[in-house]
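Each remark here refers to the structure printed beneath this line.
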Amino acid sequence: MSTRVAFSRFAPAVTRAHRAPAFAARRAALVRGYASQSEHTLTVRDALNAALEEEMLRDEKVFVIGEEVARYNGAYKVTKGLMDKFGEKRVVDTPITEMGFAGLATGAAFAGLRPVCEFMTFNFAMQAIDQIVNSAAKTLYMSGGFLTCPIVFRGPNGAASGVAAQHSQDYAAWYGSIPGLKVVSPWSAEDCKGLLKAAIRDPNPVVFLENEMLYGVSFPMSQEAMSDDFVLPIGKCKIEREGSDVTIVAHSLMVARSLEAAEELAKEGVKAEVINLRSIRPLDIETIKNSVKKTNRLVVVEGGFPAFGVGSEICAQIVESEAFDYLDAPVERVTGADVPTPYAINLEAHAFPDAPVISKVAKRALYRTN
Amino acid sequence: MMLRVANAYHKTQSILACRTRCVSSTPTSGPAKSFPKEHELLPSSQSPIISTLKFFNSVTVDGSQIPTYRVLDSAGQPIEGGSIPEEIDESMARRMYENMVQLPIIDNLMYNVQRQGKLAFYMTHYGEEATLIGSAAALANDDEVLGQYRELGVLMWRGFTLADMMNSSFGNCEDPCSRGKQMPMHFGSRKHHFHMISSPLATQIPQAAGVAFALRRDPHRRGKNCAVVYFGEGAASEGDFHAGMLFASTLPSPTLFLARNNGFAISTPANEQYYGDGIAARGPGYGMHTVRVDGNDVLAVYNAVKEARRLCIAEGRGVLVEAMTYRVGHHSTSDDSFAYRPRQEVEDRKRLDNPLARFRSFLEARGWWSAEEDDALKARVKDEVLREFRKAEALPKPEVRELFEQVYGGEEPWILKEQREELGMLLKKYGDAWEPWKTELKKHKGAGKELMDPKP
């Protein structure tokens, strides 16, 4: 409890303090890079907020529930202003029990509503995982189709900054292994808006994995993405950068790191193709296979632990498929270190992939380095 | 959380300011033993201030145990002051009794059938017939029920037939609950407003608060229906119970909590499950109207649940009923309770207080029932149970394609299509050639043809 309070109050400040220079520079670079293509930019936080607002306007069955989501506007301000617009009946603050409000939201979904259940972070959702996995994910099947559960479980996932092991874990592989769940791990503001709207409209339970470090990052938004009707399909990835020499597949924050790596590689004449997974389950393996057939090399990047991870699954599916015959080098996994996330900033920096590591591994796949 | 803390802080500040003024204007008469205004010092509390250090460990004023509401004595006669509900006329009373009698007859057969290996699992209702039927009769048939697993009587009261029950237990092609995908006894039926039973204990409790939340938001059902959640005293130890109670009282939502305190959670006796005064003592902790009722007295259960339902809907808030009963049967077919409780104790309980015998005496005393009718009813039900059992057992298993259906609603993800096509291809290749598959496929409706030669 005390950890939770401290975390919600101070984590954003800590994040800024630790990462401010690098992050600000990166953010500026991103905005600059896209500025000529689009007149609109939006932060991930505002994109999520817009998706929630638009879907709440569209369907009165949609409501938001969680700790601090209403009067406090959400621990990360994703639900900012929603209570003022929609009232306390549709933006519901709850007592502090994850299993309780996840169970309540699941029951409300069984009864025909469309809850968006916010976890302050997915680390705390472990207390509610029985409701997500055993009830929400399985009841449609176990009821022979009569009991649907249209619900979104959302919140920040993956390592943040300076908040140590119990606040820094990626659950993509956990939920990605469960039949009956859809799992989304968006990167950009456009991803977040289009996929959150799709998740809310989906008739199935969707686990929507956001990233705390991306909330404040601005991205360009196309005219189309600014529209109320903008919905992205769950289960499709996006080729963020086309290339012919090596395929780099990543999700969430690691898409940014991979694009940086691709930029570095380009300076050395290497054309890397960067695929933004967007969805963990269903996994768009077709797009990855097609890319591998073109580049003959595959590097998978994630911010989670290596064992039994998203990268492991992609690697397995590729070597089991006809794409295996196209590989000219072993598939490489670039992941977080296989240790609980350390607190100290220097140790933490070593625990997760950055652009130099990714480009080094990509070059190894091209036999340009060891 | 910060905002709430801040609010409380400001409130304290203004109260302090007020108190300063009050103190300055207080006449200097002799010291009082209590200071009624001083509770205002406590933020967000109306607790009176006292000067005697006093601990308490009871929800009753005199520290005694919470009383148990009863209408009929063990001989089926109304106890002094016991009130027979007006609407319990002859036909209603007979219907209730008939529904109660049906349960042990089903239990006898199904228990033995399970023992013969024809069924994976079964749970008997022995001893809890009055709690189930008394509560079912007191609810509206469209109140949403979330059961634990021992509530078949409630579902059958609402018109779920013996055929439905048998087809579901055998998971055959007519299974109305899950199309062969859920265990026996894990019933569910939208038509009967009965949610799917979930095996992990107590998850249905916070879900019930959520179902009630949805009812409250529905203009057609607000003020008309509640969600009713059944659970054992053992399940009430799960955190889910506390979360569910908390939500139903704070949100609030019209949720009727019905604890079947049957004395045992598998092998753990109730006195090891809690140290306090049962489950009822927890109700006031959540600010909830609470009643403890004799769960073997069907009329007491009826009265208590009816009033609980009225309060629940009128106030739009949770109400708790603790029904005191005794699990005469084993926990499930995976359990032999004589390993942890003496056979004699069970026999004594059955003799001392049988909910069926109690209600039958009541009926007979009014001339509403006779020994002949009793024999005829039991014979008839036994025949029906056997007949439906044989029919259900003989029906084929569901189509093989069911394996891949209803994993997702809406558009089917590629992974399911791929799995189905792969199995279809294998069945086509080996379904006739490999003996184990050949034998098994015949047991399924359609013999797997729908996968082998899928319609485009």
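Naming: A, B, ... by sequence-line order, numbering from 1 per chain. Source: prediction; values computed, not measured.
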Polar side-chain atom of B:T250 near backbone of B:L246 as donor-acceptor pair, under 3.5 Å: yes

Residues in residues 101-116 of chain A near chain B [non-hydrogen atoms, under 4.5 Å]: A:F101, A:G103, A:L104, A:T106, A:G107, A:A108, A:F110, A:A111, A:L113

B:A208 portion near chain A, given a 4.5 angstrom heavy-atom threshold: neither

Residues B:K417 and B:E422 bridged, charged N to O under 4.0 Å: no

Geometric class of the B:H242/B:Y286 ring pair [parallel <30°, tilted 30-60°, perpendicular >60°]: tilted

Region of A:K138 that comes under 4.5 Å of a non-hydrogen atom in chain B: neither

Residue list, salt bridge (Lys or Arg N to Asp or Glu O under 4.0 Å) with A:R201, at least two apart or on another chain: A:E55

Best-contacting candidate, A:P203, A:S135, A:G180, against chain B by heavy atom pairs under 4.5 angstrom: A:G180

Under 3.5 Å side-chain donor-acceptor pair for B:Q207 and A:Q131: yes

Shortest non-hydrogen contact from B:S198 toward B:P200: OG-CD, 3.3 Å

Which atoms of B:I205 approach chain A - backbone, side chain, both or neither, heavy atom under 4.5 Å: neither

Shortest non-hydrogen separation from B:S237 to B:R282 and the atoms involved: N-NH1, 4.3 Å

Verdict with supporting geometry, B:R190 and B:E144, salt bridge (charged side-chain N to carboxylate O under 4.0 Å, His left out): CA-CA 9 Å; B:R190 179 177 290 286; B:E144 300 292 328; over 6 Å; no

Residue-level contacts of residues 404-415 of chain B with chain A, using a heavy-atom cutoff under 4.5 Å: B:E405, B:Q406, B:V407, B:Y408, B:G409, B:G410, B:P413, B:W414

Candidate pair B:F231 and B:Y149, rule ring pair (Phe, Tyr, Trp, His ring centres under 6.0 Å), full reasoning: CA-CA 8 Å; B:F231 52 91; B:Y149 43 58; over 10 Å; no

Region of A:I234 in contact with chain B, defined by heavy-atom distances below 4.5 Å: neither

Donor-acceptor pair, side chain of B:Q204 and main chain of B:Y230, under 3.5 angstrom: yes

More than 12 heavy atoms of other groups within 6.0 Å of A:E60 CD: no

Residue-level interface, residues 173-181 of chain B with chain A, non-hydrogen cut-off under 4.5 Å: B:C177, B:S178, B:R179, B:K181

Parallel, tilted or perpendicular, as decided by the 30° and 60° cut-offs, for the rings of B:F257 and B:F241: perpendicular

Interchain contact, B:S199 with chain A, by part (heavy-atom threshold 4.5 Å): neither

A:K77 atom NZ: more than 12 heavy-atom contacts under 6.0 Å: yes

Close aromatic pair by centroid cut-off 6.0 Å: A:F124 and A:H167: yes

A:D93 side chain vs A:A70 backbone, donor-acceptor pair below 3.5 Å: yes

Heavy-atom pairs under 4.5 Å with chain B, option from A:G145, A:A137, A:G235 with the top count: A:G145

Pair A:N290-A:T287, side-chain donor/acceptor within less than 3.5 Å: no

